[in-house]
Protein chains: 2
Amino acid sequence: MTRDSLIRALEAAESHCTERGEKLTPVRRRVLELVLEADAPVKAYDLLEALKPGPGAAKPPTVYRALDFLMAAGLVHKVEALNAFVGCSHAHDDGGAELFICSDCGSVEERHGAPDPVNMPDGFVIERSVVEHFGHCANCRH
Amino acid sequence: MTRDSLIRALEAAESHCTERGEKLTPVRRRVLELVLEADAPVKAYDLLEALKPGPGAAKPPTVYRALDFLMAAGLVHKVEALNAFVGCSHAHDDGGAELFICSDCGSVEERHGAPDPVNMPDGFVIERSVVEHFGHCANCRH
DNA sequence: TTGCGAGTGGTGATATTATAACATCCTTGA
DNA sequence: TCAAGGATGTTATAATATCACCACTCGCAA
Ligand SMILES: [Zn+2]
Ligand SMILES: [Zn+2]
Ligand SMILES: [Zn+2]
Ligand SMILES: [Zn+2]
């Protein structure tokens, strides 16, 4: 992610929060920035490390609170199978995204609007879906 | 799961392992039994507790090794979003299953053969997919 | 102005989930 | 008999996540 697009993403996040009547506070903004800067899913404790140099050394709850907020706002997604987090440039409030994660380079592509499963159990109503595909991206195929 | 079907599942698991040239040892068998008995995804440390009464009190590695083995054999799946495990009655060696998990009662239904995603990034090759749907089963709809 | 209350973040402790590293035991077959 | 591999036991620790409590700030109403 280039410097410019990072700045644009942060501005978009700012107004996205405002629209929701919420505040993108400095801590939250900094965490989002770190997640967006990373070129692969990033771990909570790596964020913690990255925040250390700042004035108050951050503790775990600080990071997890920020991540919870950002996830609720649709600005960050959790990769469940990795216990790691990725930035989202779409800012969609609906929970679900379909993630394609390259096991070689760590790059993550996000897609939306997957159709409902074909073979759903009778009467089941989906509330939230976790869909994570692991494999090799076009750049990493040998 | 009834007593009878539990026994049948264990027998099937036994022969499934034999076919693969592997052994369903007592620890592994016991862990599989516990997972199959549960009517909801079960946590590793709950298994650990359940194994305690036995002769040698089990330690974490024991449980995780058994789970690793059972997952490799396709007898157990991990629910990534819950850090929990469910038994599989299909014994499919290919990694992927599509899970429908009721947030009310914890019941899990498994389906297979979901079609490839429609909107895949260009050139991406999927190796393993995690698909977990959370919602409400037919019994729990209000 | 004063005081309340919601929201936010700091802090120390702790809970939960998972693995590393090494020792022991047991089978199997040369 | 002995070696090799695999399965398990054991101790410790790493990695991930939450709890409980306090302090600060801001907006707002009495
Ligand atoms: Zn997204
Ligand atoms: Zn790649
Ligand atoms: Zn299965
Ligand atoms: Zn249900």
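Just so you know, these numbers use all the heavy atoms, side chains as well, and skip hydrogens, waters and symmetry mates. Labels below follow one simple rule: chain letters A, B, ... track the order of the sequence lines, proteins then strands, and each chain is numbered from 1.
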Show each protein N/O and nucleotides 23-26 of chain D N/O combination with a separation under 3.5 Å, one pair to a line.
none

Below 3.5 Å between N/O atoms, which protein atoms pair up with nucleotides 11-14 of chain D? Just atom names and distances, please.
none

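Between A:Leu82 and A:Lys43, the shortest heavy-atom contact is O-NZ, 2.8 Å. Of all heavy-atom pairs spanning B:Cys140 and B:Asp104, the tightest one is CB-OD2, 3.4 Å.
Under 4.0 angstrom from either OP1 or OP2 of C:dT16 there lies no side-chain N or O belonging to B:Lys43. A:Asn83 has no side-chain polar atom (N or O) that falls below the 4.0 Å cut-off from OP1 or OP2 of D:dA15.
A salt bridge links B:Glu14 with B:Arg29; the closest basic N to acidic carboxylate O contact falls under 4.0 Å. Classification of B:Glu11 and B:Arg8 as a salt-bridged pair fails, no side-chain N sitting under 4.0 Å from a carboxylate O.
Taking every heavy atom of residues 62-72 of chain A and every atom of DNA chain C, pairs under 4.0 Å involve A:Thr62, A:Arg65, by number.
When the P atom of D:dA7 is taken as reference, atom CG of B:Leu24 falls 11 Å away, rounded to whole Å. When the P atom of C:dT17 is taken as reference, atom CG of A:Leu82 falls 18 Å away, rounded to whole Å. At whole-Å resolution of the value, CZ in A:Arg28 and P in C:dG10 are 11 Å apart. Atoms CG (B:Leu48) and P (C:dT16) sit 13 Å apart, rounded to a whole Å. At whole-Å resolution of the value, CD in A:Glu22 and P in C:dG9 are 12 Å apart.
Cluster partners of B:Val131 are A:Val131, counting Ile, Leu, Val, Met, Phe, Trp and Tyr whose side-chain heavy atoms approach within less than 4.5 Å, directly or via other members.
Between the axis at the start and the axis at the end of the helix from C:dT1-D:dA30 to C:dA30-D:dT1 there is an angle of 10°, using five pairs per end and rounding to 10 degrees.
Side chain of A:Glu132 to backbone of A:Ala81: a donor-acceptor contact under 3.5 angstrom is found. Formation of a donor-acceptor pair under 3.5 Å by the B:His16 side chain with backbone atoms of B:Ala73 is found in this model.
Partners of B:Glu127 by salt bridge (charged side-chain N to carboxylate O under 4.0 Å, His left out), not counting sequence neighbours: none found.
Contact of the A:Glu110 side chain with the A:His90 side chain is registered, since non-hydrogen atoms from C-beta on lie closer than 4.5 Å.
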Assess whether side chain to side chain contact (heavy atoms under 4.5 Å, CB included) is satisfied between B:Leu34 and B:Val42, documenting all intermediate values. CA-CA 9 Å; B:Leu34 288 168; B:Val42 53; over 6 Å; no
